[in-house]
Amino acid sequence: MNAAPAALAERAQAPASVAPAPANAAARARAVGAEIAARHADAVDRDGRFPTEAFDALREQGLLGVMVPADLGGSGASLFDVAAACHALARGCAATGMIYAMHQIQVACLVNHGTNDWHRALMARIAAEQLLLGSATTEKETGGDIRNSVCAVQADGDRFTLAKNASVISYGDQSDVILVTARRNPDAPSSDQALVVVTKDDYRLEKTSVWDAMGMRGTCSDGYRLEAAGVIDQILPLPYADLSAQTMLPVTHILWSSTWLGIAADAVSRARAFVRSEAKRKPGTTPASAVRLAEATAKLQQMKAVILAAIRQYELACGSPEQLTSLSFATAMSTLKVTTSELVREVVEAAIRTCGLAGYRNDTPYSLGRHLRDAHSAALMIGNDRIMSHVATQLLVQRDGLGPFE
């Protein structure tokens with residue numbers, strides 16, 4: 001464990017294919033996104049393959065362990081820093097940004113709730129070895145409901161086993177560690193869940209379905225049967241219901257939203273370049289498509305504002321389990337996801353209308369087909385209808401706030 005800082009420093013040296021970048025995580029991610037992820041994005045999308053080149057560069061830049069505390073070899077990066085990195089990566093390749101977001105969501109769960117020596121040793125390894133974390137929270141038997149599990153932890157002394165029929169484990173073949181939801185024990189109700197951390201040495205994966213989707217193709221979200229065994233210390237102590245409310249739900253919706261903002265931002269950038277090219281072609285006139293560009297830009301600014309507000313709200317609530325588990329906070333984080341997942345599609349569609357056929361075609365610098373397909377995934381990742389139905393139930397018992405803006 002003492003070698004972790006030295007190993008991290010060695011990995012932080014820029015690879016030959018990426019220009020040296022400042023120490024800031026977002027700046028390093030911006031370099032990877034623009035110089036590596038963007039270059040391979042079309043191939044990743046076309047072939048439905050993992051963005052290997054981008055993640056090799058992220059490891060070289062030490063960006064997989066930035067949220068790990070400094071005393072364990074990481075950078076102790078804030079959620080804002082990581083959100084900015086997700087945004088920067090997604091501007092180049094949406095799949096790269098989304099995988100990075102999903103990885104950091106799991107790291108945040110470990111950082112916030114992994115208190116024993118086993119978890120701390122793993123965090124040191126994440127920083128030193130740049131391990132990639134995935135998650136298995138859905139099961140075929142529950143229809144994608146992450147707040148209920150069929151599989152259960154089978155304890156035997158200080159060890160456990162579990163078997164999960166996971167409908168999706170994004171980038172499962174590439175993961176070094178997977179965080180798995182399961183019932184706390186075989187007699188527990190489906191909603192009494194624990195989050196179990198298993199490393200590649202602890203589990204076996206058998207692929208049961210292949211990810212062949214319209215968008216986000218590079219996330220490689222295949223289905224698997226997962227069988228794992230380990231020591232009881234690998235189980236995070238806080239019940240998953242509380243862990244989800246305090247960390248998993250808000251961090252997921254903030255980092256997913258930041259990724260979608262990156263897709264939207266790149267779409268607007270392409271639309272702006274198109275309008276400028278039209279203006280140069282007809283000096284002294286404002287192209288008619290500029291109105292559509294203004295519409296797209298306004299929606300992009302709306303996305304940015306709600307994400308920044310959510311990050312601020314989360315930062316203010318941190319350290320207070322009462323605020324993090326309150327109905328008003330859960331409602332705010334859930335509606336953030338719904339709002340940004342709808343806005344990203346609207347922004348990309350407005351950008352396509354701005355560019356016209358140049359945006360519709362796949363063979364121009366202004367092509368937006370990949371952006372549109374990726375944007376449509378946003379409303380389906382934890383379906384908006386499911387979220388809004390849950391929010392509607394919460395609103396029946398939620399009290400009106402007493403603050404000046406509530």
Classify the side-chain pair [X]/[Y] by whether it contains a donor and acceptor separated by less than 3.5 Å.
X	Y	answer
Thr142	Asn148	no
Ser334	His253	no
Thr219	Ser170	no
Gln193	Ser149	yes
Thr181	Lys164	yes
Thr199	Asp202	yes
Asn384	Ser341	yes

Worksheet entry | Distance-minimising heavy-atom pair for Thr115 and His119 |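 The answer is N-ND1, 3.9 Å.
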Worksheet item: Can you name the closest pair of heavy atoms from Ala136 and Ala166 and give their distance?
Response: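 In terms of heavy atoms, the two residues are closest at CB-CB, 4.5 Å.
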Could you tell me whether [X] and [Y] make a salt bridge, using a distance below 4.0 angstrom between a side-chain N and a carboxylate O?
X	Y	result
Asp192	Arg184	yes
Asp374	Arg217	no
Arg225	Glu227	yes
Arg159	Asp233	no
Asp145	Arg147	no
Arg345	Glu349	yes
Arg59	Asp176	yes

Item to complete: Walk me through it: do Asp81 and Arg28 pass the test salt bridge (charged side-chain N to carboxylate O under 4.0 Å, His left out)?
Response: CA-CA 11 Å; Asp81 293 332; Arg28 282 182 281 159; over 6 Å; no
Please round to the nearest 0.5 Å and tell me the distance separating atom [atom1] of [X] and atom [atom2] of [Y].
X	Y	atom1	atom2	answer
His371	Arg270	NE2	CZ	4.0 Å
Ser257	Ile307	OG	CD1	5.0 Å
Ile235	Ile232	CD1	CD1	4.0 Å

Tell me, do [X] and [Y] make a side-chain contact under 4.5 Å, heavy atoms counted?
X	Y	result
Tyr224	Glu206	no
Leu122	Gln234	no
Gln106	Val177	no
Leu336	Ile254	yes
Val107	His103	yes

Practice prompt. Could you please spell out the steps behind the side-chain hydrogen bond (donor to acceptor under 3.5 Å, both in side chains) verdict for Ser135 and Thr137?
Written response: CA-CA 6 Å; Ser135 70; Thr137 56; 4.6 Å; no
